[in-house]
Amino acid sequence: MARGKLRIHLGAAPGVGKTYAMLSEAHRRVGRGTDCVVGFVEHHDRPRTEVMLHGLEQVPRRELEYRGGVFPEMDLDAVLARRPQVALVDELAHTNVPGSRNAKRWQDVEELLAAGIDVVSTVNIQHLESLGDVVESITGVRQQETVPDEVVRRADQVELVDMTPEALRRRMAHGNIYQPDKVDAALSNYFRPGNLTALRELALLWVADRVDAHLTQYRSEHGVSAIWGSRERIVVGLTGGPEGRTLIRRGARLAEKGAGGEVLAVYIARSDGLTSASPKELAQQRTLVEDLGGTFHHVVGDDIPAALLAFARGANATQIVLGSSRRKTWQYVFGPGVGATVARESGPDLDVHIVTHDEVAKGRGLPVARGARLGRSRRVWGWIAGVAGPPLLAVLLNTVDLGLANDMLLFLALTVAAALLGGLLPALASAAVGSLLLNYFYTPPLHRWTIADPKNIVAIVIFVAVGAAVASVVDLAARRTHQAARLRAESEILAFLAGNVLRGETGLEDLLERVRETFGMESAALLERAGDVEPWTCAGRVGRGRPVERPDQADVDIPVGDHMALALTGRVLPAEDRRVLAAFAAQAAVVLDRRRLQEEADRARTLAEGNRIRTALLAAVSHDLRTPLAGIKAAVTSLRAEDVEWSEEDSAELLEGIEEGADRLDHLVGNLLDMSRLQTGTVTPLIREIDLDEVVPMALGGVPEGSAGLDVPETLPMVAVDPGLLERAVANLVENAVKYSPPGAPVLVAASALADRVEVRVVDRGPGVPDEAKERIFEPFQRHGDAPRGAGVGLGLAVARGFAEAMGGTLNAEDTPGGGLTMVLTLRAAGARPELHPAAEPERQAS
């Protein structure tokens, strides 16, 4: 059944005409032939509103007694029974009288919508749950009756019923809203012009936000990329530097100048994870923009101007705020910069503001952690080789005369060694110290800081340049090695996640534990909430860190959609780790959804199985049970007929038919009841130790004499079973075997011992069952081959297997040598360790 549609008339205050507009809509629909009824409308003795009720069908109200009074409420059951196309339900936030089915009227409306009935309702802006504190600060009155925002947001249509404060106060003064004795008090309190203006602004802004959400959805669905300047949206581009706070405040001031302005701060990160931005600075800027009512966004892109413009156009922004470049003058030889590129490519639909700040032209500086990639010990040895190595080498070379060329090569080798060990800075230090020593000790004039031969000047310059170049290459190789190691680790993690997605492995707690171990955190938790104003709940948590109830309480939080977040405690992670962490967060959400879908699938499977059982049961009742009933009815009617005199032989035959029909009914009903007990898991066996020869012979009492033989040796060990269940199981097996055995070929019931088990075999010489059908014959309501409908409802073998598994045994079908079918019932010998069949249901295991 399709869900009904909800239309809400939203007003800023009582008396603006919501109920009148709702009734006018009802008259229009009735005029178009729509089946429309009044579920509940409160006219508050307003003549114009009361007149609008004429001509509309009203469902009688239900009267409830409470504290000595009688209160009318909407009769939900009567409206559901009436099943109109449209129902009018006034005052959506109303609290029902205790004793009603639901506590709130909006819950009644949800039931009507679920039943496929369209609903037209009304509500005032002050009754929205999220605005309770704001309304109280404006009017000084706390609203006791509220409705969740999500209920109103889910409405298919929200129509604003608007009226200026002056017009509403005039309506009040004319007595169109309250009784004359209440007008003066209302005008001087709740209906003051300031209160009404503020409430009207709340209503207009709320509806504007909803319209904006619909516009964004429409643009996305229709692929609209052009900017529609319906409202001011300011995009503030951040670099992670300290100037970001200045830009955010400037963007907020620009947004305040336009009605309904919005600020969107965005940080563009490179896809390789390399960034010089300060995570702490970005966190502070995120807090600032959220405090100013804006939103913070993290976007990945190697081409920063293109990514920024794509984000702005996707958000339907009208202005972009950027800071003046921090690059020094000489750095402009590498390009015009982000600001100039964005301004050039923004087009006529985007205004770009370049804002000056204190960090202009101060440069970005080198990332502090670059040298750390080589490791602490390597950097120490690099500095030793770069600073102490050249003097030691000079001392050694002073004892041996190898010539200037060889001396320079040895100093160059020492510089390369310093670069290999410590990177760029130790190598530069080695080149500088080595060049000075070469100049002082080995180039004429000796022991002076001057160089006489210009060729030696060129040689020393080349020496320094080669040392610096080698050091740069080594430093670059170290950084690339670090990047490669990091990307390899990331790829392994992402491959692990992808494999889990494909295989459907790893539970939520296992995945969270992997997150905690991978990033060295104290705890990891997946938080979720139902709506924007709903409290956060923990879907899964691992670790021993402090408990986190909201994402902002964690050291690291990664949002997953609008209502889910991965929260970690222990330390603040660098920005480059957040990309992989986001993949973990997305996978955690997938695992949670998969687990819930699996639970829903299990419930659906259980319901489907129950429906299948019920359908088969109805088929059995409609035919297999009616057949013996019809025979009994015919025999009884014949015996009671007064116009026929039956002979003794005929009467005996009719009575025998009645007896056989009753026995057959008893057997069928017994199997149905047994199957019902098995399906609901209420079979509780009373296990005790008995001999098979005490039970098995009793199971043959229901078959014709001579149709079954018995071979149960007295030397068999005792078995641990429920005697009643065992008797019923064997009886069903024997009855089934006799049914399919040819005349003159009696069924054999034999028992034997095998290790700690005892097997009971029911052997027949019938047509047998092919291998592919041996399991299917144990399913409820299954008959093999062309068995006639009168042969039973197909429960005998299913009940027998269910009883066998309930006692800790098994029941399987095998081929009889020479033709036929053998049912093998395996039981646990007395004293053996209990071990249930793997297929036994959990309920039976618990019992």
Side-chain angles (χ1 to χ4, degrees), residues 1-3 110-111 114-116 499-511 526 528 530 537 539-540 564 587-625 668-685 725 729 732 769-784 787 792-813 835-847:
M1 180 181 299
R3 179 180 172 84
E110 286 293 322
E111 288 199 33
N500 288 336
V501 171
L502 295 176
R503 295 187 299 269
E505 299 176 354
T506 303
L508 179 59
E509 286 70 22
D510 296 334
L511 183 63
L526 185 65
E528 63 174 346
T537 58
M564 191 175 294
Q587 174 64 4
V590 170
V591 170
L592 181 61
D593 290 341
R594 185 171 62 233
R595 185 174 71 181
R596 290 177 175 170
L597 289 174
Q598 184 62 45
E599 293 173 354
E600 293 180 3
D602 293 340
R603 288 194 294 268
R605 192 179 301 110
T606 302
L607 291 175
E609 179 65 17
N611 289 334
R612 190 180 68 84
I613 295 295
R614 282 189 289 271
T615 302
L617 177 60
L618 289 175
V621 170
S622 64
H623 186 279
D624 295 287
L625 297 185
L668 293 175
V669 172
N671 275 337
L672 288 172
L673 293 176
D674 290 338
M675 196 67 240
S676 176
R677 293 169 60 201
L678 290 171
Q679 291 291 332
T680 56
T682 58
V683 174
T684 305
L725 297 184
N732 284 354
V769 175
D771 293 339
E772 62 272 13
K774 282 188 172 62
E775 283 299 314
R776 191 166 60 248
I777 60 176
F778 292 103
E779 296 179 6
F781 303 103
Q782 295 292 324
R783 298 184 184 86
H784 177 63
V793 294
L795 286 177
L797 296 182
V799 170
R801 171 173 275 189
F803 284 170
E805 293 177 353
M807 295 183 293
T810 61
L811 177 60
N812 296 293
E835 183 175 347
L836 290 180
H837 188 271
E841 296 180 2
E843 293 85 352
R844 301 188 197 125
Q845 296 178 13
S847 63

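Along the sequence shown, the residues carry numbers beginning at 1.
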Could you measure the distance from the [atom1] atom of [X] to the [atom2] atom of [Y]? Nearest 0.5 Å is fine.
X	Y	atom1	atom2	answer
Q598	D593	CD	CG	13.0 Å
I777	R801	CD1	CZ	8.0 Å
E805	L725	CD	CG	12.5 Å

Across all chains, not counting sequence neighbours, the side-chain hydrogen bond (donor to acceptor under 3.5 Å, both in side chains) partners of E111 are R101, N102
I need the minimum non-hydrogen distance between [X] and [Y], along with the two atoms involved.
X	Y	value
A800	A729	CB-O, 3.8 Å
L526	L508	CD2-CD1, 3.9 Å
R595	A539	NH2-O, 3.7 Å
A589	M564	CB-SD, 3.5 Å

Would you call K774 and D771 a salt bridge, using N to O less than 4.0 angstrom?
yes
